[in-house]
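To start, I am sharing the structure in question, which I have written as structure tokens.
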Amino acid sequence: MKSEKPFSDDAVQIEQNCGGLSRRAILLTVGGVAALAAAPTAQSISERPPTASTGRVRLVVNGKPHELDLDPRRSLLDVLRETLDLTGTKKGCNQGACGACTVLLNDRRVVSCLTLAAMHDGAQIRTIEGLEANGELHPLQTAFVEHDGLQCGFCTPGQIMSGIGCIAEGHAGTPDEIRFWMSGNICRCGAYPGIVAAVADAAKRA
Amino acid sequence: MLPFTIEKATSIQGAIAAASSGRRFIAGGTTLIDLMREEVERPEHLVDINTLPLSDIRIEGSDLVIGALARMADVAAHPDVQRLHPLVAESLIEGASPQLRNMASIGGNLLQRARCPYFRMLDASCNKRSPGSGCAAINGLNAGHAIFGTSNHCVATHPSDIAVVLVALEATMQVRGPRGERSFPVEELFRLPGDTPHLEHTLLPGELILTVRVPGSPYSRRARYLKVRDRASYEFALVSAAAALDVGGGVIRQARLAVGGVGTRPWRLGAVEKALIGKTPDRKVFETAARLAIEGARPLSGNHYKLELLPRTIVRALEMTGEAA
């Protein structure tokens with residue numbers, strides 16, 4: 001299926017022709033066409049009536065208030081990525097096992113895939129996009145760069161948000177302690193030595 | 001995920017009334033949402049109970065009283081819990097990940113569902129998910145499964161760590177339902193699978209867990225939880241042991257021992273406890289007593305190793321207790 005090959009010739013071609021659009025917008029368009037073509041086989045038919053909306057849900061994300069009308073099924077992760085277009089927060093396993101979707105919810109680190117947005121009316125949420133201040137990276141972001149705390153980068157937003165939580169909780173005293181308290185974030189490139197060094201360094205500077 | 005409705009409970013009575021008419025409670029949601037996404041769980045109506053006033057953690061006399069909605073992380077980090085009931089804190093920290101511990105409630109932890117892979121696999125037989133369909137684990141991949149309390153219908157373990165500790169320490173729980181409140185030992189919350197493995201606990205329709213009470217005891221502070229698993233952290237137990245000793249005048253006056261990862265519910269080992277009482281707390285005594293642990297075990301094709309790992313885990317947990325004393 002085309003939707004599984006974001007770097008197909010079509011996508012590249014369209015990107016070249018539409019310089020003004022973001023890569024994501026183009027991929028969404030191309031994926032949408034492919035998904036439409038595949039719809040008759042991919043669609044699962046439910047006997048239940050469509051879900052009623054939850055009514056207004058207010059979320060303050062990176063300091064910015066939003067009022068949303070949501071399907072109750074939508075995870076906080078999906079609302080961040082799909083509705084608010086904050087795609088820095090990653091969807092890895094979508095079952096709470098990898099930590100790629102970690103955000104701060106009322107200052108606590110949580111996996112945003114295993115909670116419903118509708119359960120958090122009035123909540124303050126901080127994502128990777130909200131860390132930069134006045135054009136400066138957050139100290140932990142800087143530490144990840146300095147200590148090579150990443151390779152492919154997919155897990156990095158989750159690692160950094162979790163690292164901020166880890167430091168704030170006071171669990172970044174030693175490398176062993178950091179490894180234990182960061183174990184909810186998986187890095188399949190194996191950048192763990194750099195991640196531990198980055199968290200330790202930022203904790204010292206905090 | 002199948003469609004559902006969700007409403008916020010505004011009072012305990014309201015939540016109980018909603019649950020009595022077929023709605024399901026949702027607290028942290030870390031088990032339920034995951035299973036709803038897989039369509040293993042299919043509730044049509046949810047009641048969000050997170051704003052109910054059940055998050056308190058307090059000491060009453062020497063007892064620890066934990067609100068059902070207190071988060072695992074908050075209980076584990078509570079200074080009084082660490083000081084007076086370190087075993088509770090230790091077992092909580094050994095469970096899940098920091099993110100999940102920030103989300104998951106104590107009540108939800110006790111009611112979490114099996115981690116058997118076939119339970120999550122819609123095209124596999126599973127009597128727990130689909131009564132009467134059979135059990136794919138009995139002749140399948142069962143290295144992680146139970147050796148105690150199993151039946152020909154289900155061999156899944158109960159995955160909670162804190163439940164093992166609560167059973168060892170004879171904790172009780174307070175619940176409220178449409179017909180009022182009652183209190184009973186946490187151990188009685190868990191059913192054996194028998195021929196109804198889809199029924200996992202003894203709560204009545206509409207009943208809501210209010211609090212869990214851990215009694216203070218002479219060994220509250222001489223107790224350890226040892227969890228053996230495939231990874232150093234963030235993994236379910238292959239075998240775990242909650243051990244507590246009251247030692248006086250060089251001999252063991254009382255012992256408490258419950259184990260996880262081996263039973264279809266948290267498993268108390270009364271015979272091992274009895275064998276320890278009156279003895280000197282040393283390795284030989286621990287080893288002799290721990291051998292009694294595997295009496296009545298029914299290993300499966302893939303988990304014979306637990307017959308060896310269980311006594312060893314118990315011995316080490318008991319030794320750690322001595323170190324802590």
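Every chain is numbered from 1 and lettered A, B, ... according to where its sequence line falls, protein lines coming before strand lines.
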query: Nearest heavy-atom pair of Met1(B) and Arg73(A): which atoms, and what distance?
result: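 Minimum heavy-atom contact is O-NH1, 3.1 Å.
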- prompt: Hey, is the main chain of Asn94(A) close enough, under 3.5 Å, to the side chain of Arg37(B) for a donor-acceptor pair?
  reply: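 Side chain of Arg37(B) to backbone of Asn94(A), a donor-acceptor pair under 3.5 Å: yes, one is there.
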field: Structural part of Leu104(A) lying under 4.5 Å from a heavy atom of chain B
entry: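 No part of Leu104(A) comes within 4.5 Å of chain B.
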query: Of all of Gly28(B), Pro43(B), Gly29(B), which one pairs up most often with chain A through heavy atoms under 4.5 Å apart?
result: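 If we count pairs closer than 4.5 Å to chain A, Pro43(B) comes out on top.
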query: What part of Thr115(A) gets closer than 4.5 Å to chain B, counting heavy atoms only: side chain, backbone, both or neither?
result: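 Looking at Thr115(A), backbone and side chain both touch chain B.
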task: For residues Ile33(B) and Cys113(A), report the shortest heavy-atom separation together with the two atoms involved.
output: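 Smallest interatomic distance, heavy atoms only, reads CG2-O, 4.3 Å.
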message: Between Leu32(B) and chain A, with a heavy-atom cut-off of 4.5 Å, which part of the residue counts as in contact: side chain, backbone, both or neither?
response: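 Contact with chain A is absent: no heavy atom of Leu32(B) under 4.5 Å.
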query: How many angstroms lie between atom CG of Asn50(B) and atom NE2 of His120(A), to the nearest 0.5 angstrom?
result: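 The CG atom of Asn50(B) sits 7.5 Å away from the NE2 atom of His120(A).
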query: Looking at Glu235(B), Arg101(B), Met36(B), which one has more heavy-atom pairs under 4.5 Å with chain A than the rest?
result: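 Sorted descending by pairs with chain A, the first entry is Arg101(B).
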Structural part of Leu105(A) lying under 4.5 Å from a heavy atom of chain B: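 When you check distances to chain B, no heavy atom of Leu105(A) falls under 4.5 Å.
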- request: Sort Ala27(B) into side chain, backbone, both or neither according to what part of it lies under 4.5 angstrom from a heavy atom of chain A.
  value: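 The backbone, not the side chain.
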- request: State, yes or no, whether a side-chain contact exists between Leu46(B) and Met119(A) at a heavy-atom distance under 4.5 Å.
  value: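 Sidechains of Met119(A) and Leu46(B): no contact.
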Residue from Met182(A), His171(A), Arg109(A) passing side chain to side chain contact (heavy atoms under 4.5 Å, CB included) with Pro98(B):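 Of all the options given, the one that passes is Arg109(A).
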